[in-house]
**Q** 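One structure coming up, written as structure tokens, with questions to follow.
Along the sequence shown, residues carry numbers from 1.
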Amino acid sequence: MFDGLLTSLGELMGSPWIYPLIAAISLVDAVVPIFPSEAPLIMAGVYAGSTGSPNLLLILLAAGAGAMAGDHLAYLIGRSAAGRIEAIPADSRRGRAIGGAKRLLETRGGMALVIGRFIPWGRIATTIVFGAMRYPRARFTMFDAIGVSAWALHGTLMGYIGGHAFEQDPLKGLALGLGLAILASALIELVRWLIARRRGSGRVEAAAEAGSHDEADEDADDTTDGAVRETAHDAADEPDQDRLNARG
């Protein structure tokens with residue numbers, strides 16, 4: 001199926017129908033991940049770099065428009081099915097993706113949409129979670145436009161570089177473009193993991209420091225209580241001593 005669709009896309013690269021087709025694939029992939037939209041996007045970039053057709057700018061606009069429409073559809077699904085989303089088991093594949101999207105939203109806010117665009121299953125989980133949590137639609141649209149633009153530019157340019165490098169052999173250009181796209185996505189994921197790990201270490205150190213401060217405060221309180229009790233005891237003994245001296 002995958003090879004057949006790519007072959008059909010290759011035959012349409014010189015046709016104006018390639019633009020609505022790229023838009024449709026990007027839309028569907030933003031809601032139901034049955035076919036990775038990056039592959040035809042990179043392929044279109046390869047042909048644009050090697051043969052000059054299709055038009056690179058129109059491919060960017062078509063992919064961006066389709067992906068943005070799909071993201072808003074997923075947002076509406078999340079908004080209308082918030083209860084069902086919360087009922088998804090946390091240990092399932094969908095539950096883990098949704099849990100990761102929630103954590104990303106809590107730590108990054110709207111930028112989670114930009115990051116989620118480059119994470120497998122992340123784009124769908126993130127947009128659905130944004131809808132379920134009633135994230136303001138205007139801000140959702142703003143951050144989604146940034147994420148979609150970066151995603152479309154990334155995929156198309158990776159293909160364009162590959163196609164320009166192998167002008168006489170689009171298949172090699174496609175392989176290079178896919179390799180560059182995978183490498184870039186892996187680097188993004190690595191940076192995200194390193195940042196999360198660093199923040200986690202910072203939280204652990206902060207918690208340990210807070211714990212040491214609490215222990216110091218408790219020791220100080222114990223010392224103060226002991227001093228107060230000792231002073232009270234001495235004050236209670238003084239009248240008894242005075243009475244003994246009076247009798248003597």
Side-chain angles (χ1 to χ4, degrees), residues 5-6 9 12-13 15-48 54-82 85 94 97-98 100-102 104-105 107-160 177-178 181-182 184-185 188-189 192:
L5 184 54
L6 287 181
L9 283 171
L12 289 172
M13 285 299 165
S15 168
W17 285 104
I18 189 62
Y19 305 112
L21 186 58
I22 289 288
I25 292 173
S26 300
L27 188 155
V28 172
D29 184 48
V31 183
V32 184
I34 57 176
F35 184 82
S37 55
E38 287 83 0
L41 186 59
I42 293 171
M43 189 174 185
V46 168
Y47 275 83
N55 182 277
L56 191 66
L57 180 58
L58 292 180
I59 286 294
L60 282 169
L61 293 175
M68 198 162 181
D71 285 348
H72 279 72
L73 180 57
Y75 172 89
L76 292 175
I77 292 173
R79 197 176 179 91
S80 61
I85 292 169
R94 292 180 180 179
I98 290 172
K102 286 182 178 179
L104 199 59
L105 174 57
T107 57
R108 294 302 184 90
M111 284 302 295
L113 279 172
V114 181
I115 299 170
R117 259 277 142 193
F118 296 89
I119 302 174
W121 276 84
R123 70 190 62 165
I124 300 173
T126 305
T127 49
I128 287 178
V129 165
F130 269 68
M133 298 183 73
R134 308 282 175 172
Y135 193 79
R137 189 173 301 179
R139 289 182 60 80
F140 175 86
T141 300
M142 180 184 70
F143 283 107
D144 190 48
I146 297 172
V148 163
S149 299
W151 168 81
L153 188 63
H154 163 262
T156 307
L157 285 184
M158 293 300 102
Y160 185 83
L178 286 171
I182 292 171
S185 298
I188 292 171
E189 185 66 15
R192 190 179 70 87

**Q** To the nearest 0.5 Å, what is the distance between CH2 on Trp151 and CG on Asp144?
**A** 11.0 Å
**Q** Taking all atoms of both residues into account, what is the closest heavy-atom pair of Gly155 and Ile42, and its distance?
**A** O-CG1, 3.4 Å
**Q** Just how far is it from atom CD1 of Ile115 to atom CZ of Phe143, taken to the nearest 0.5 Å?
**A** 10.5 Å
**Q** With respect to Arg117, which candidate in Ile146, Thr127, Asp71 satisfies the side-chain contact (heavy atoms from CB on, under 4.5 Å) definition?
**A** Asp71
**Q** Which heavy atom in Ser37 sits nearest to a heavy atom in Ser26, and how many Å separate them?
**A** CB-CA, 3.9 Å
**Q** Any side-chain heavy atom of Thr141 sitting closer than 4.5 Å to one from Met68?
**A** yes
**Q** Which of these, Leu12, Leu61, Ile59, sits in a side-chain contact (heavy atoms from CB on, under 4.5 Å) with Ile22?
**A** Ile59
**Q** Ala67 and Ala30: which non-hydrogen atoms are nearest, and at how many Å?
**A** O-CB, 4.0 Å
**Q** In terms of the angle between their ring planes, are His72 and Phe140 parallel, tilted or perpendicular, with boundaries placed at 30° and 60°?
**A** perpendicular
**Q** Looking at every heavy atom in both Leu60 and Thr156, which two are closest together, and how far apart are they?
**A** CD2-OG1, 3.5 Å
**Q** I'd like to check Leu76 versus Arg137 (side-chain heavy atoms, cut-off strictly below 4.5 Å). Are they in contact?
**A** yes
**Q** Please check if the side chain of Tyr75 supplies one atom and the backbone of Tyr135 the other of a donor-acceptor pair under 3.5 Å.
**A** yes
**Q** Indicate yes or no: at least one non-hydrogen side-chain atom of Met43 is less than 4.5 angstrom from one of Met13.
**A** yes
**Q** Taking all non-hydrogen atoms of both residues into account, name the closest pair between Leu56 and Ala48 and its distance.
**A** CD1-CB, 4.1 Å
**Q** Can you find a pair of side-chain heavy atoms, one from Asp29 and one from Arg123, that are under 4.5 Å apart?
**A** yes
**Q** Please report the closest heavy-atom contact between Val31 and Ile124, naming both atoms and the distance.
**A** O-CD1, 3.8 Å
